[in-house]
Amino acid sequence: RIHLPLPPCFTPKNDLLGAGRCRLSKVGAARRPPPARVRVAVRLRPFVDGTAGENDTPCVRGLDSCSLEIANWRNHQETLKYQFDAFYGERSSQQDIYAGSVQPILRHLLEGQNASVLAYGPTGAGKTHTMLGSPEQPGVIPRALMDLLQLTREEGAEGRPWALSVTMSYLEIYQEKVLDLLEPSSGDLVIREDCRGNILIPGLTQKAITSFADFERHFLPASRNRTVGATRLNQRSSRSHAVLLVKVDQRERLAPFRQREGKLYLIDLAGSEDNRRTGNKGLRLKESGAINTSLFVLGKVVDALNQGLPRVPYRDSKLTRLLQDSLGGSAHSILIANIAPERRFYLDTVSALNFAARSKEVINRPFTNESLQLPVLAPVKLSQKELLGPSEAKRARGPEEEETGSPELPIAPASASQKLSPLQKLSSMDPAMLERLLSLDRLLGSQGSQGTPLLSTPKRERMVLMKTVEEKDLEIERLKMKQKELEAKVLAQEAADPKEKENYSSTMLRPLARRTVTVAKPLKKAVVMPLQLTVHCRGPNSKLCCFCHSPPSLDASQPEKAEDGWELQISPELLAHGRQKILDLLNEGSARDLRSLQRIGQKKAQLIVGWRELHGPFSQVEDLERVEGMSGKQMESFLKANILGLAAGQGCGPS
C-alpha cells in the first residue's frame with residue numbers, strides 16, 4: 001500500500017474514530033477490556049446523471065468484496081491497492097451496506113456498550129444519502145432505529161429480566177457551535193466531561209421514543225433545521241456535522257438490580273471542500289474553513305492514536321471533543337468512506353482512501369457501562385410501645401399489671417438488622433419472591449448492613465457509622481440500667497429506714513425524671529482596696545504631671561465594670577509650655593528636627609516643611625490637623641505624647 005502526500009486543500013475528514021481514550025469504570029478496572037479495531041467500509045457511488053462522458057472511465061475499480069485499486073497519478077502505468085473490511089461497488093444497495101456493516105454492532109447496545117457509525121468523504125460523494133437515504137431507499141439511520149426499537153421491545157417485554165427505554169438527541173456542529181436541532185432556540189451548548197470521563201452536553205434535548213412513528217415525529221422536523229447550502233458541486237451541500245445520539249437504558253427487574261447504558265452515535269459529516277472548485281465566497285467560504293479545520297483535527301487525532309503519542313488533540317475541535325468517550329476508545333466504530341468514480345474527484349478520492357487506511361489502524365477498547373443500584377425500601381414503622389424506653393414502658397403499665405407481671409430481665413440490645421429489617425412480615429407475598437428477598441436480607445445482614453439508609457453509603461463510611469450506632473446503643477442501654485439500679489436503691493432505703501430518709505435523699509442522686517433544679521445563691525466576695533499610687537513627672541520650673549491609679553468600683557450592681565486603670569493628669573502650665581515648644585518647632589525646625597516629634601516620620605516632616613513654605617508659619621498647633629488630616633482625638637493624643645516626651649527629656653521620676 002502506497003501513501004500519497006495530501007494537498008493542503010484536501011484535508012481528511014472525520015477522524016472521529018480516534019476520539020476518546022478508554023475510560024474504564026470501577027467494574028472493569030481490574031481487567032483491561034479486549035481490543036476492538038475500527039472497522040472501515042468503502043462505498044463507491046455510481047456516476048451522477050449527466051456527468052459521465054462517452055470516453056469517461058472511472059478512476060477507481062473494485063477487485064473483490066474487500067479491496068480496490070486506483071490509478072497512480074505519479075505513474076500512470078501503476079495502480080494503488082487498498083484493503084479494507086468491506087467494499088461496496090456502484091451496484092450495491094442500501095440494504096447491502098446496512099446488513100453487512102451496521103446491523104452487527106446493534107447487539108452491543110443491549111450489552112451496555114457504545115457504538116458509532118460515521119459517514120466520511122468529500123463533498124458530493126453521497127454521505128447524506130448513505131445515512132438518510134430516501135423514502136424508496138432508506139439509509140442507515142432509519143434502518144438502525146427500526147431494528148433497535150424492535151430489539152428493545154422484545155428484550156423489555158413482560159417477564160424478561162430487563163426493562164429497556166430508548167431516548168434520542170439530534171445536534172449539529174456549525175462553525176464550531178453545538179446547536180440542538182430538536183430545540184433550535186437553545187443556542188450554543190457547552191460540552192462537559194463527568195468524573196468517569198464520559199462526554200455530555202448539559203441542556204441537550206432528549207426525546208423518549210417507543211416506536212418508529214415516535215422517531216419520525218421528532219426526527220423529520222429536526223432534519224429540516226440542519227444547515228445546508230448550494231455550491232458548484234452540490235446543490236444541497238451539508239454545511240455542518242450532524243450527530244444523532246440514541247441512548248438505550250436498561251434496568252434489571254430483580255436482584256441485584258443492575259443498570260446498563262449503551263449509546264449509539266450516527267454521524268453524517270460535512271465533506272471537505274476545495275474552494276477553488278466549489279466557488280465558495282463570503283459565508284460559504286467561512287463555513288468551508290470551519291469544516292476543513294475540524295476534519296484536519298480529526299486527522300491529527302487518528303495520527304496521534306496510531307503513533308501512540310502522549311497527547312491526543314481531542315480538545316482542538318468540538319467534533320473530536322464531542323465523540324471522545326465513544327470513538328477511538330470505548331466504542332465499536334464503523335467508518336463508511338464514500339468516494340466518487342469521476343476523474344475530476346481523483347485527489348479527493350485519494351485523500352479519503354488514505355484517511356480510511358489510517359483509521360483502520362485505530363484500536364478501541366469497548367467495555368460495558370454497568371452499575372449496581374439497590375432499590376430503596378420503605379422505612380420501618382415502630383409501634384408506640386417499641387418507641388418507649390424501659391422506664392417509660394414500665395410507667396405506662398398500670399400498678400396492677402406491674403405487680404402481676406414477671407420481673408424484667410436485662411435484655412441485650414437487638415442488632416441493627418433486626419431493628420430495621422423490613423423483611424420480617426411478608427407472609428402475604430409470593431413464596432418465590434419472598435425467598436429472594438430473604439436471601440438478600442441475610443446477605444446484607446452478614447455484611448453488616450444497617451438498613452435502608454446505609455445502602456448507598458460507601459463501605460468505609462458505612463462501617464464507621466455502624467460502629468458509632470452500636471456504641472451509642474450500648475451507652476443508652478447502660479445508662480438506662482444504671483438509672484433503674486439507682487431507683488431500686490432509693491426505694492429499698494426508704495422502706496428499710498424511714499428515719500434516715502431525709503439524710504439519705506440529700507446524699508443520693510434522685511432519678512433523672514424526679515430531680516428538681518435549684519438556683520445557687522450568690523457567694524459573698526471580699527474586695528481588697530489597692531493603695532493609690534501617684535507618679536510625678538518633673539517638668540520645667542518644677543511643674544508636674546501625674547499618673548493617678550484609680551481604685552476599682554465597689555458598686556455591686558455593676559461587677560463587670562469594676563476595672564482599675566491609670567488616669568493621666570497634666571498641669572495647665574506644663575500643657576501650655578509644651579504646646580508653645582511644639583509650635584516653635586513646627587515653624588522653625590528643619591525636617592530632621594520635626595522627626596524628633598512623636599508620630600512624625602520622614603514623609604510627614606517633608607509635608608509639614610512644604611506646607612509651611614507655601615502657607616507661612618503655623619498660628620497654632622491645631623493647624624497641623626489640616627496638614628495631617630488628624631481627628632480631634634488623634635490631635636489630643638499627639639499633644640500628650642510629645643509634651644510628655646519633652647518633659648521626660650528635662651527629668652522625670654516618681655516622687
Side-chain angles (χ1 to χ4, degrees), residues 3 6 9-20 37-45 60 68 70 82 84-88 92 94 97-98 100-102 105 115-133 139-141 144 172-173 233-234 237-244 265-274 288 290-303 305-306 317-320 322-323 326-328 331-341 345 347-362 364:
H3 295 284
L6 303 181
C9 56
F10 300 102
T11 56
K13 235 180 152 182
N14 291 348
D15 236 1
L16 285 176
L17 303 173
R37 183 178 56 82
V38 174
R39 301 180 62 84
V40 178
V42 178
R43 183 182 190 183
L44 177 65
R45 70 161 173 80
V60 180
L68 59 95
I70 185 173
Y82 292 88
F84 299 104
D85 296 286
F87 172 72
Y88 302 98
S92 60
Q94 300 274 60
I97 298 171
Y98 172 73
S101 298
V102 180
I105 68 172
S116 300
V117 180
L118 299 95
Y120 178 85
T123 181
K127 300 179 298 300
T128 304
H129 177 73
T130 299
M131 298 301 292
L132 296 179
V140 169
I141 290 179
E172 70 172 353
I173 302 177
L233 301 180
N234 191 353
S237 175
S238 301
R239 315 309 297 167
S240 63
H241 308 296
V243 180
L244 175 64
Y265 288 91
L266 299 170
I267 305 126
D268 179 17
L269 296 169
S272 58
E273 296 180 347
D274 182 3
S288 176
I291 293 171
N292 290 339
T293 300
S294 61
L295 296 179
F296 176 69
V297 174
L298 188 59
K300 291 200 304 181
V301 168
V302 170
D303 293 339
L305 291 173
N306 290 337
S317 173
K318 293 287 184 67
L319 181 63
T320 54
L322 176 63
L323 302 174
S326 291
L327 298 176
H332 299 272
S333 300
I334 301 294
L335 174 67
I336 303 176
N338 294 264
I339 57 176
F345 291 108
L347 293 178
D348 294 333
T349 300
V350 171
S351 176
L353 292 175
N354 288 337
F355 172 78
R358 299 198 310 273
S359 301
K360 188 178 64 173
E361 306 299 328
V362 175
N364 295 346

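- Heavy-atom minimum distance, Tyr265 versus Leu322: OH-O, 4.3 Å.
- Residues Arg37 and Asp85 form a side-chain contact, since some pair of their non-hydrogen atoms from C-beta on lies under 4.5 Å apart.
- With contacts defined as side-chain heavy-atom distances shorter than 4.5 Å, the pair Ile339/Leu353 qualifies.
- You'll find the side chain of Pro341 stays beyond 4.5 Å of the side chain of Val60, heavy atoms only.
- The heavy-atom pair separating Ala356 from Leu335 by the smallest distance is CA-CD2, 4.1 Å.
- Looking at every heavy atom in both residues, Ala340 comes nearest to Phe345 through CB-CD1, 3.8 Å.
- Listed for the Gln94 side chain is a donor-acceptor partner under 3.5 Å among the backbone atoms of His129.
- Taking the side chain as every heavy atom from C-beta outward, Tyr88 and Ile336 never approach each other to under 4.5 Å.
- Checked against side-chain hydrogen bond (donor to acceptor under 3.5 Å, both in side chains), Ser92 has no partners two or more places apart in sequence or in another chain.
- Taking OG of Ser238 as the start and NZ of Lys127 as the end, the distance is 6.5 Å to the nearest 0.5 Å.
- Here the side chains of Asp268 and Ile141 are not in contact, with every heavy-atom distance at 4.5 Å or above.
- Listed here is the closest heavy atom pair of Asn364 and Ala331: ND2-O, 2.9 Å.
- Qualifying side-chain hydrogen bond (donor to acceptor under 3.5 Å, both in side chains) partners for Ser240, counting only residues two or more places apart in sequence or in other chains: Glu172.
- A donor-acceptor contact shorter than 3.5 Å is absent between the side chain of Ser116 and the backbone of Ser333.
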